[in-house]
Structure formats: structure tokens, C-alpha cells
Amino acid sequence: MSVPAPVTARVPAKINLHLGVGPRRPDGFHDLQTVFQAVSVYDEVTASPAPGLSVVMKGPGAEEVACDSTNLAVRAAQLLADLTGVDPTARLGIDKQIPVAGGMGGGSADAAATLLACDSFWGTQLTRSTMLELAAKLGSDVPFLLQGGTALGTGRGEVLTPVLVRGSFHWVLALAERGLPTPEVYETLDELRGADAAATPPDAVLAALAAGAPEQLGAALHNDMEPAALKLRPALRATLDAGLQLGALGGIVSGSGPTCAFLARSRSAAIQLAAALTAESVCKTTRVAEGPVVGARVL
Ligand code: C5P
């Protein structure tokens with residue numbers, strides 16, 4: 001039997017241009033009204049021949065991620081193998097550029113890329129709709145990271161509706177020294193405002209995207225989780241203030257944080273803002289990114 005050739009899939013990070021968090025549901029998740037955008041910071045997952053199923057990670061923060069059976073990429077491969085009956089043998093090599101526990105969907109991105117890479121590596125030929133179903137089982141952000149672009153996410157984030165967007169947007173991402181665990185941020189939010197608060201609706205962000213108006217979008221960016229992320233990491237206040245003082249059109253904590261996302265008028269404005277934020281020592285490092293970009297793809 002011939003040995004299959006390695007397959008690499010590339011997957012973007014996400015930011016939430018709007019994150020409206022509704023009540024906590026009986027299953028423990030919160031109802032969301034969120035606007036996702038895929039941005040040009042990428043992880044790559046390569047499936048290659050190996051006797052068992054294993055994962056090896058490299059890149060900033062990779063040492064903080066468990067590489068055992070709890071790893072979301074391993075769970076994605078196992079779920080695909082269980083459904084299709086293939087022998088789950090592959091070495092999953094993950095090159096991480098998406099910040100770990102950064103509120104940019106890094107773990108979910110690896111699950112999305114693993115589904116695609118293993119589907120091609122094992123020749124299981126899943127339909128798009130089955131792949132999206134598996135994605136939703138793995139995590140609330142995984143379907144969006146397969147899809148990419150810009151989308152409205154409802155349910156727990158897994159029900160996607162495409163959003164009309166004119167043009168593309170330039171982002172500066174301010175990365176923090178340490179990550180924040182998502183469940184803890186949701187728990188803190190429930191403590192701060194009660195578990196049955198209503199989600200802020202996304203209308204202002206949707207209107208700005210349809211108009212392709214960066215100034216309007218900057219003013220409309222909103223995250224219901226921000227008070228909880230700020231409570232757990234008060235230093236993020238200085239990061240947000242610095243970005244706005246340095247001329248960002250708007251700035252928010254991305255998802256559950258601690259990464260902050262700032263909107264700039266142009267690519268050159270984004271590069272300048274990134275350099276100025278680094279000089280202010282209000283974050284560990286910065287990245288410049290564009291969005292929207294396509295979702296996970298086999299290279
Ligand atoms: O779906 P995912 O595995 O990414 O979620 C991680 C955690 O974030 C959940 O266990 C839950 O605590 C919280 N969460 C939530 N409501 C959502 C999405 C995530 O409470 N809609």
C-alpha cells in the first residue's frame with residue numbers, strides 16, 4: 001500500500017467586530033449575537049504519515065498547549081475517524097502564529113484546519129455540510145473558521161449567516177504576555193451583570209460593514225465581554241487607551257481577550273500604529289492584519 005503524501009491546511013484567526021452576549025443557557029453556553037471577521041494571521045496544520053495519532057506544535061506559546069488527547073486538533077482528527085471508520089493514524093504538525101488563549105480562536109482554528117487536512121490525507125471526502133456539523137461539535141468558533149470572510153454568528157456562535165461587506169479593513173492586534181481562559185471570562189461576566197442579561201444587537205457594525213466605512217466601523221466596534229476581560233486583566237485598559245490616543249479609529253478586546261484589536265485607516269497607518277503601540281510598552285508584541293480573508297484551505 002502506498003504511503004499518502006503530507007497535506008497542509010492553512011487557517012486564519014478571527015476577531016469579533018461585535019460580540020453581544022445573551023443569557024446563559026441550560027447547557028452552560030451563552031446565546032450570542034456576534035459578527036466574526038477572519039483576519040490574516042494564520043496557523044498551519046500538516047497531516048503526515050505516522051503509526052498513531054499525535055500532535056507536535058511550534059511557534060510562540062506552543063509550549064503552553066497540551067498535546068495529549070484533550071488537544072482540539074487531536075479531538076478533531078478522532079471525531080472524523082470515528083464518523084468515517086478510518087484508522088486515525090497521522091502526525092499533526094501545527095505551526096502556530098495565532099496567539100494561544102488570546103481571544104482569536106486559535107484552538108478552534110487548529111480544529112478546523114485538522115478536519116480539512118485529515119479529510120484530504122485520509123481521503124474521506126466529507127461533504128461541506130457534514131464537515132460544518134463536525135466543526136460545531138468541536139467548538140463554537142470552529143464552523144466560522146472553516147467558512148472565513150465576515151459572518152453573523154448566532155446560537156452559541158455556530159449558526160452562521162453571511163454579512164455584506166464593502167472593501168477590506170486594516171487591523172493592529174496587540175498581543176498580551178499571557179492568555180485568558182475563555183470559560184473564566186464568561187463566568188466573570190455572569191458575576192458582573194447576572195446570567196440572564198440580553199445581548200447588545202449588532203446593527204451598528206452591520207451598517208458600517210455594508211457601507212464600507214472604516215470611521216463608522218471604528219465607532220461601532222463593541223464587545224459585551226470587555227468589562228469581564230478588563231476585570232481579570234486591568235492592564236488592558238492602558239492598552240485600549242493607548243491605541244485610541246495613537247489614532248486608531250476604534251479598539252476593542254477581541255472575543256474573551258486578552259488580545260486587543262484596533263482599526264486603522266490604511267495599511268501604512270496600521271504599520272505606524274503597531275510600531276507606536278510597541279514603543280509604549282502596553283503589550284507584548286503587535287501584528288498587522290487585514291480582513292476579511294478566506295477560511296481554512298488546503299494548500
Ligand atoms: O465552544 P468553545 O469550546 O469554544 O467554548 C469554550 C467555553 O466558552 C465554553 O466551555 C463556555 O464556558 C464558554 N462559552 C460560552 N458561550 C458561548 C461560547 C463559549 O459560555 N457561546
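Indexing begins at 1, ligand by ligand and atom by atom, following the structure's order.
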Inset, instruction - Can you establish whether the number of heavy atoms outside E63 located under 6.0 Å from its atom CD is more than 12? - result: yes
Legend entry - Main-chain N/O of I94 paired to D110 side chain as donor or acceptor, under 3.5 Å: no
Legend entry - Nearest non-hydrogen protein atom, atom 7 (C) of ligand 1: P183 CG, 4.0 Å
Legend entry - Residues D43, R10: salt bridge by 4.0 Å N-O rule: no
Legend entry - Expected output: side-chain N16 to main-chain H18 donor-acceptor under 3.5 Å: no
Legend entry - Distance (rounded to the nearest 0.5 Å) between L134 CG and D119 CG: 9.0 Å
Legend entry - Contact check: D141 vs ligand 1, nitrogen or oxygen atoms, below 3.5 angstrom: no
Legend entry - D196/R24 ion pair, N-O < 4.0 Å: no
Inset, instruction - Supply the atom-to-atom distance Y42 OH to L299 CG, rounded to the nearest 0.5 angstrom. - result: 10.5 Å
Legend entry - Within reach of ligand 1, part of Y186 (heavy-atom separation under 4.0 Å): side chain
Legend entry - Subset of ligand 1 atoms that lie under 4.0 Å from at least one heavy atom of G28: 20 (O)
Legend entry - Shortest heavy-atom approach to atom 8 (O) of ligand 1 - which of L32, T34, L72, T182: T182
Legend entry - N or O contact, H30 vs ligand 1, cut-off under 3.5 Å: yes
Legend entry - atom 9 (C) of ligand 1 - nearest protein heavy atom and its distance: F29 CE2, 3.7 Å
Legend entry - Nearest-neighbour protein heavy atom for atom 3 (O) of ligand 1, which is reported as residue plus atom name and distance: G139 CA, 4.1 Å
Inset, instruction - For G155 and ligand 1, answer yes if some heavy atom of the residue is under 4.0 Å from a ligand atom, otherwise no. - result: no
Inset, instruction - List every atom of ligand 1 that sits less than 4.0 Å from any heavy atom of S140, numbering the atoms from 1 in the order shown and giving each element. - result: 1 (O), 2 (P), 4 (O), 18 (C)
